[in-house]
Amino acid sequence: MHGEYKVPGGKLVVVDVDVDVEEGVLRHVRVAGDFFLEPDEALDAVNGALEGAPADTDAAGLAARVDAALPAGTVMYGLTSEGVGIAVRRALARATDWTDYDWQLIHEAPQPPALHMALDEVLTAEVAAGRRPPTLRVWEWGAPAVIIGSFQSLRNEVDPEGAARHGVEVVRRISGGGAMFVEPGNTITYSLSVPESLVQGLSFQDSYAYLDDWVLGALGDLGIRAWYQPLNDIATDQGKIAGAAQKRMVAPGGGPGAVLHHVTMSYDIDADKMVEVLRIGREKLSDKGTKSAKKRVDPLRRQTGLPREAVIERMIDSFRARYGLAEGKVTDEELARAEELARTKFGSPEWTARVP
């Protein structure tokens, strides 16, 4: 069995391993990669620590075995014991890799907020059913909106007077996480709809870092040093620039499903308007280590000096260079289903206020 895992902000870890079925333990463990490790014998220690480990040991348990076996003074660069443990679990789960797929790009004309919510559900369901390849969808917003998480209280998150005054539509998405304030031209939003096998062997938290890694590279190509900040933020030394959310969807018949991972990035932001529309609590601000909501999100426009369209184009080019990316579109059938969902679910007061 073969597994790969790129340590967030680090290097690739590759594991080849067999399982002794009778004894239920790992055999012939071979760890490799483009990381740096000193001294040389530390690699033998890593392999030895994993040899004979029970095959059902979780990633944390495997990492603990590695840590206990490393020679004194071992230096790892681009490699962590946790990364080794995850790579082993991905091998045992027969996880797939980004390059195993023919990725499709959807980047179409502006859509209403409720339709965007519906498209996320429909396209991810199609990936789960095996009728659509893994898809990167870049959104264009047809109207300003507040998007609240699936489990958030509507009254706690949104000031209805502020939203009405600024003509901001409120919609609820199918994923968890916090509220996002978006305006056409000021926001970059994208979705990844991927087979569940891509994140096999990863914990829920690790899957966020794994699915965000490509965009950290894309931002680096733009001259922005960014990092993943658990659980679901992307940050720079000048502030938060993005927030992510996920939803797991099962396949028809209970087979392997799909994961929706979407990210909203602030290209530019009207901070005064945002705080009039969102109810941003003191507890949330204190948890983020800041006293002002206006300082929480740092726009990409200021950090890159590039037009929004150029930032999007460079991000898409970065993804394509890494994994390949063919031009695609929402099919007529997918659009019809999404429009129906936008009307009956995502545009309905019952769904938007399902947590009052």
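Values in this document were obtained by computation on a predicted structure and should not be read as measured data.
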Peer 1: Using distance only, find each side-chain donor-acceptor pair of residues 70-77 under 3.5 Å and give its atom names and separation, not counting sequence neighbours.
Peer 2:
from: Thr74; atom 1: OG1; to: Pro71; atom 2: O; distance (Å): 2.6

Peer 1: With hydrophobic residues grouped by side-chain heavy-atom distances under 4.5 Å, do Leu37 and Val88 end up in a single group?
Peer 2: yes

Peer 1: Do Leu62 and Ile86 share a hydrophobic cluster (ILVMFWY, side-chain heavy atoms under 4.5 Å, transitive)?
Peer 2: yes

Peer 1: Are any of the side-chain nitrogens in Glu51 or Arg30 under 4.0 Å away from the carboxylate oxygens of its partner?
Peer 2: no

Peer 1: Can you name the nearest heavy-atom pair linking Phe35 to Leu12, along with the distance?
Peer 2: CD2-O, 3.7 Å

Peer 1: Hey, mind stepping through Val194 and Trp98 against side chain to side chain contact (heavy atoms under 4.5 Å, CB included) and telling me if it holds?
Peer 2: CA-CA 9 Å; Val194 305; Trp98 296 83; 5.6 Å; no

Peer 1: Using atom types as modelled and distance alone, determine if a side-chain donor or acceptor of Arg172 lies under 3.5 Å from a backbone N or O of Thr352.
Peer 2: yes

Peer 1: Do Arg90 side-chain atoms and Glu4 backbone N/O form a donor-acceptor pair below 3.5 Å?
Peer 2: yes

Peer 1: Taking all atoms of both residues into account, what is the closest heavy-atom pair of Gly167 and Pro144, and its distance?
Peer 2: O-CG, 3.5 Å

Peer 1: Is there a donor-acceptor pair under 3.5 Å between the side chain of Asp268 and the backbone N or O of Asn186?
Peer 2: no

Peer 1: With salt bridge (charged side-chain N to carboxylate O under 4.0 Å, His left out) as the criterion, how do Asp120 and Arg137 come out once you've worked through the C-alpha distance, each side chain's angles and the decisive distance to 0.1 Å?
Peer 2: CA-CA 9 Å; Asp120 261 359; Arg137 182 170 74 94; 3.1 Å; yes

Peer 1: With distance as the sole test, does Glu196 use its side chain to make a donor-acceptor pair with the main-chain N or O of Gly257 at under 3.5 Å?
Peer 2: yes

Peer 1: Check Arg320 against Glu327 and note the closest heavy-atom contact, atom names and distance.
Peer 2: NH2-OE2, 3.3 Å

Peer 1: Hydrophobic clustering (ILVMFWY, side-chain heavy atoms < 4.5 Å, transitive) - are Leu231 and Leu192 grouped together?
Peer 2: yes

Peer 1: Does the side chain of Thr331 come under 3.5 Å of the side chain of Glu334 through a donor N or O and an acceptor N or O?
Peer 2: yes

Peer 1: Working to the nearest 0.5 Å, report the span between CG of Asp212 and CG of Leu216.
Peer 2: 6.0 Å

Peer 1: Quick one: do Arg173 and Glu121 make a salt bridge, cutoff under 4.0 Å?
Peer 2: no

Peer 1: Considering residues, nucleotides and ligands other than Asp237, do more than 12 of their heavy atoms fall under 6.0 Å from its CG?
Peer 2: yes

Peer 1: Hey, what do you get for CD (Glu183) to CD1 (Ile269), rounding to the nearest 0.5 Å?
Peer 2: 8.0 Å

Peer 1: Could you go through the salt bridge (charged side-chain N to carboxylate O under 4.0 Å, His left out) check for Lys345 and Glu350 one step at a time?
Peer 2: CA-CA 8 Å; Lys345 178 179 178 179; Glu350 291 78 14; over 6 Å; no

Peer 1: Using modelled atom types only, decide if a donor and an acceptor are shared between the side chain of Asp270 and the backbone of Lys273 within a distance under 3.5 Å.
Peer 2: yes

Peer 1: Report the C-alpha separation of Asp97 and Lys6 in whole Å, then their side-chain angles, then the decisive distance to 0.1 Å, and conclude whether the salt bridge (charged side-chain N to carboxylate O under 4.0 Å, His left out) test is met.
Peer 2: CA-CA 10 Å; Asp97 185 67; Lys6 185 179 180 300; over 6 Å; no

Peer 1: Does a side-chain N-to-carboxylate-O contact under 4.0 Å join Arg279 and Glu157?
Peer 2: no

Peer 1: Do we see a donor-acceptor contact under 3.5 Å between the side chains of Ser150 and Arg354?
Peer 2: yes

Peer 1: Mind running side chain to side chain contact (heavy atoms under 4.5 Å, CB included) on Gln246 and Val259 for me, showing each step along the way?
Peer 2: CA-CA 7 Å; Gln246 282 188 12; Val259 178; 4.0 Å; yes

Peer 1: Ignoring hydrogens and geometry beyond distance, is a side-chain donor-acceptor pair present between Thr135 and Arg132 at under 3.5 Å?
Peer 2: yes

Peer 1: Is there a donor-acceptor contact under 3.5 Å from the side chain of Gln152 to the main chain of Gly149?
Peer 2: yes

Peer 1: Do you know the tightest heavy-atom contact between Asp18 and His28?
Peer 2: OD2-ND1, 3.0 Å

Peer 1: Taking all non-hydrogen atoms of both residues into account, name the closest pair between Val168 and Val146 and its distance.
Peer 2: CG1-N, 3.5 Å

Peer 1: Please enumerate all residues that pass side chain to side chain contact (heavy atoms under 4.5 Å, CB included) together with Arg314, with sequence neighbours excluded.
Peer 2: Leu222, Leu306

Peer 1: Using a distance-only test with no angle check, is there a side-chain donor-acceptor pair under 3.5 angstrom linking Trp141 and Thr189?
Peer 2: yes

Peer 1: Taking a hydrophobic cluster as the set of Ile, Leu, Val, Met, Phe, Trp and Tyr residues connected by side-chain heavy atoms closer than 4.5 Å, whether directly or through intermediates, do Leu198 and Met249 fall within one such cluster?
Peer 2: no

Peer 1: Would Tyr190 and Ile312 satisfy side chain to side chain contact (heavy atoms under 4.5 Å, CB included), going step by step from the backbone distance to the final call?
Peer 2: CA-CA 10 Å; Tyr190 67 86; Ile312 291 174; over 6 Å; no

Peer 1: So do the side chains of Gln104 and Leu136 get within less than 4.5 Å of each other, counting heavy atoms only?
Peer 2: no

Peer 1: Begin from the C-alpha positions of Glu313 and Arg308 and carry the test salt bridge (charged side-chain N to carboxylate O under 4.0 Å, His left out) through to its verdict.
Peer 2: CA-CA 9 Å; Glu313 183 179 356; Arg308 174 180 175 274; over 6 Å; no

Peer 1: More than 12 heavy atoms of other residues, nucleotides or ligands under 6.0 Å from CG of Asp102: is that the case?
Peer 2: no

Peer 1: Which pair of heavy atoms, one from Leu219 and one from Ala226, lies closest together, and at what distance?
Peer 2: CD1-CB, 3.7 Å

Peer 1: Among side-chain atoms of Gln200 and Thr96, is any donor-acceptor pair under 3.5 angstrom?
Peer 2: no

Peer 1: Within the distance-only criterion (no hydrogens, no angle test), does the side chain of His262 pair as donor or acceptor with the backbone N or O of Lys247 below 3.5 angstrom?
Peer 2: no

Peer 1: Are side-chain heavy atoms of Tyr208 and His261 found at a separation under 4.5 Å?
Peer 2: yes

Peer 1: Given Leu26 and Leu92, is the side chain to side chain contact (heavy atoms under 4.5 Å, CB included) satisfied, shown in steps?
Peer 2: CA-CA 10 Å; Leu26 306 184; Leu92 297 174; 4.0 Å; yes

Peer 1: If Ile, Leu, Val, Met, Phe, Trp and Tyr residues are connected whenever their side-chain heavy atoms lie under 4.5 Å apart, and connections chain through other members, are Trp139 and Leu300 in the same group?
Peer 2: no

Peer 1: Any luck finding a side-chain donor-acceptor pair between Tyr101 and Ser197 under 3.5 Å?
Peer 2: yes

Peer 1: Assess whether atom CZ of Arg155 is packed by more than 12 heavy atoms of other residues, nucleotides or ligands within 6.0 Å.
Peer 2: no

Peer 1: Quick test of your reading of the model: are Asp317 and Arg322 salt-bridged, counting only N-O distances below 4.0 Å?
Peer 2: no

Peer 1: Quick one: does Val355's side chain get under 4.5 Å of Leu154's, heavy atoms only?
Peer 2: no

